[in-house]
Amino acid sequence: MANNLTSALDKKLVLGEDSKEPSPDAKGGSKDDKSLVVCFGEMLIDFVPTVGGVSLAEAPAFKKAPGGAPANVAVGVSRLGGSSGFIGKVGDDEFGYLLADILKQNNVNNSGVRFDPSARTALAFVTLRADGEREFLFFRNPSADMLLRESELDINLIQQARMFHYGSISLIDEPCRSTHLAAMRIAKKSGCILSYDPNLRLPLWPSEEAARKGIMSIWDQADIIKISEDEITFLTGGDDPYDDNVVLTKLFHPNLKLLVVTEGSEGCRYYTQKFRGRVAGVKVKPVDTTGAGDAFVSGVLNSIASDLSLFQNEQGLREALLFANACGALTVTERGAIPAMPTREAVLRCLAQVADKK
């Protein structure tokens, strides 16, 4: 059974029936790829304590790790054998050039990266509690990612994409908010599938109400939305995140192709126009949950970019979500986000082990 599952997933979910491994161009990514996933938003440096379960003040040392949810997804897609690009802004500083180079090293097209000489690359210190969950302290005052202008957009890269993925952090401040909205319009006009992961970070917003309003302001434009249990509670004003009726009446909109609710180690729920259900998680011992949701998203987007029929094919979608669950599970076994993003081979080995245990 394990060999059959591995073979099927390898062929159908990761590369598509007739896909080939991407051949990197000079900037990373692959040329003329019709399944290109372009991610828009922030890329930053996470500083993660080298030991878990301590406060920032108690941490003896920190490990520097590249991060930022949209950038994590771009690298995640590429690690899985897909084609991806990133659009965003970093500082004209050593950290900024390090991040742009990390994209290139991971075969992510970085032609959409801009460098700001007047602002620094964003930094985030991430504490790891005893249960592996995170707390954040951001250094953005303002950081370069907040200053991307519409005139700096790589329009050609967006127009080449099959899928355009983004979060909500880029909606908080101008001029990045207007740039984000412009990029969405270009992507929609080009026929892209729009993918949205709100990725709620309350400390970055002026208030809870501003966060709720900002996140929901672009909700109805997305084709795919990934959301967590906590985010459902927050966006609905305290409703039960496990109630299907809450999700369907308050969060599922008429044009949505897929809404996925992640439940950590328990797996995920999915809702489409035609069907809904749950896919069990893949159990591992967590070390750091940073990037787990982004790894999950990269697994989902890479599968759908290779096979758009998954919106109508429940069995195929369930297999894709199991693959994505394994992506997230493997990521929590290492510290940091981008350094922990799994390869396709690692995910398939993990799924084979899960199948063997059944």
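These numbers come from the heavy atoms of this one structure, side chains and all, not from hydrogens, waters or symmetry mates.
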[X] side chain to [Y] backbone, donor-acceptor under 3.5 Å:
{"X": "E319", "Y": "E314", "result": "no"}
{"X": "N110", "Y": "A100", "result": "yes"}
{"X": "T289", "Y": "A292", "result": "no"}
{"X": "E152", "Y": "R149", "result": "yes"}
{"X": "S298", "Y": "A295", "result": "yes"}
{"X": "E231", "Y": "S228", "result": "yes"}
{"X": "N106", "Y": "I102", "result": "yes"}
{"X": "N325", "Y": "A280", "result": "yes"}
{"X": "D243", "Y": "N245", "result": "yes"}
{"X": "S190", "Y": "C192", "result": "no"}

Ignoring hydrogens, what is the shortest heavy-atom contact between [X] and [Y]? Give both atom names and the distance.
{"X": "A222", "Y": "L256", "value": "O-CD1, 3.4 Å"}
{"X": "G85", "Y": "A74", "value": "O-CB, 3.9 Å"}
{"X": "S143", "Y": "T121", "value": "CB-C, 4.4 Å"}
{"X": "L321", "Y": "C268", "value": "CB-SG, 4.0 Å"}
{"X": "A329", "Y": "T333", "value": "O-CG2, 3.6 Å"}
{"X": "I218", "Y": "L181", "value": "CG2-CD2, 3.6 Å"}

Does [X] reach the side chain of [Y], with side-chain heavy atoms less than 4.5 Å apart?
{"X": "Q273", "Y": "K257", "answer": "no"}
{"X": "I224", "Y": "F311", "answer": "yes"}
{"X": "T50", "Y": "F62", "answer": "no"}
{"X": "Q312", "Y": "L317", "answer": "no"}
{"X": "F234", "Y": "L200", "answer": "yes"}
{"X": "C39", "Y": "I87", "answer": "no"}
{"X": "F40", "Y": "S170", "answer": "yes"}
{"X": "V347", "Y": "L330", "answer": "yes"}

Are [X] and [Y] close enough for a salt bridge, meaning some N to O gap below 4.0 Å?
{"X": "D145", "Y": "R120", "result": "no"}
{"X": "E266", "Y": "K283", "result": "yes"}
{"X": "K89", "Y": "E42", "result": "no"}

- prompt: For the side chain to side chain contact (heavy atoms under 4.5 Å, CB included) test, which of I193, L194, D223 pairs with F164?
  reply: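 Exactly one pass, corresponding to L194.
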When rounded to the nearest 0.5 angstrom, what is the spacing between [atom1] in [X] and [atom2] in [Y]?
{"X": "K250", "Y": "M216", "atom1": "NZ", "atom2": "CE", "result": "10.0 Å"}
{"X": "S178", "Y": "D173", "atom1": "OG", "atom2": "CG", "result": "11.0 Å"}
{"X": "T179", "Y": "E150", "atom1": "OG1", "atom2": "CD", "result": "6.5 Å"}
{"X": "E345", "Y": "R79", "atom1": "CD", "atom2": "CZ", "result": "12.0 Å"}
{"X": "L251", "Y": "I227", "atom1": "CG", "atom2": "CD1", "result": "5.0 Å"}
{"X": "S84", "Y": "M163", "atom1": "OG", "atom2": "CE", "result": "12.5 Å"}

- request: Check the pair Y166 / D197 against side chain to side chain donor-acceptor pair (under 3.5 Å), numbers first and verdict last.
  value: CA-CA 6 Å; Y166 47 86; D197 177 2; over 6 Å; no
Is there a chain of hydrophobic side chains (I, L, V, M, F, W, Y, each step under 4.5 Å between heavy atoms) that links [X] to [Y]?
{"X": "L235", "Y": "L171", "answer": "yes"}
{"X": "V246", "Y": "Y242", "answer": "no"}
{"X": "L308", "Y": "V297", "answer": "yes"}
{"X": "V284", "Y": "F296", "answer": "no"}
{"X": "F95", "Y": "L147", "answer": "no"}

query: Would R269 and L259 satisfy side-chain contact (heavy atoms from CB on, under 4.5 Å), going step by step from the backbone distance to the final call?
result: CA-CA 8 Å; R269 283 175 281 154; L259 175 65; over 6 Å; no
Should we count [atom1] of [X] as having more than 12 external heavy atoms under 6.0 Å?
{"X": "R212", "atom1": "CZ", "result": "yes"}
{"X": "K213", "atom1": "NZ", "result": "no"}
{"X": "N141", "atom1": "CG", "result": "no"}

Looking only at side chains, do [X] and [Y] share a donor and an acceptor under 3.5 Å apart?
{"X": "S55", "Y": "E58", "answer": "yes"}
{"X": "D154", "Y": "S111", "answer": "yes"}
{"X": "R278", "Y": "Y270", "answer": "no"}

- request: Would you check, one step at a time, whether the test ring pair (Phe, Tyr, Trp, His ring centres under 6.0 Å) holds for Y271 with F252?
  value: CA-CA 8 Å; Y271 304 82; F252 197 92; 7.1 Å; no
- request: List in chain and number order the residues that pass side-chain hydrogen bond (donor to acceptor under 3.5 Å, both in side chains) with T262, two or more places apart in sequence or in another chain; answer none if no residue qualifies.
  value: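 With sequence neighbours excluded, T262 shows a side-chain hydrogen bond (donor to acceptor under 3.5 Å, both in side chains) to no residue whatsoever.
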Residues N109, L157; criterion side-chain contact (heavy atoms from CB on, under 4.5 Å); working and verdict: CA-CA 9 Å; N109 187 318; L157 184 60; 3.9 Å; yes
- request: Output, in order, the C-alpha distance, side-chain angles, deciding distance and verdict of side-chain contact (heavy atoms from CB on, under 4.5 Å) for L98 and K64.
  value: CA-CA 11 Å; L98 169 68; K64 180 179 82 243; 3.8 Å; yes
task: Would you check, one step at a time, whether the test side-chain contact (heavy atoms from CB on, under 4.5 Å) holds for L153 with I186?
output: CA-CA 10 Å; L153 281 174; I186 295 167; 4.2 Å; yes
query: Do the two ring centres, one from F136 and one from F125, sit under 6.0 Å apart?
result: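 Centroid separation for F136 and F125: 6.0 Å or greater.
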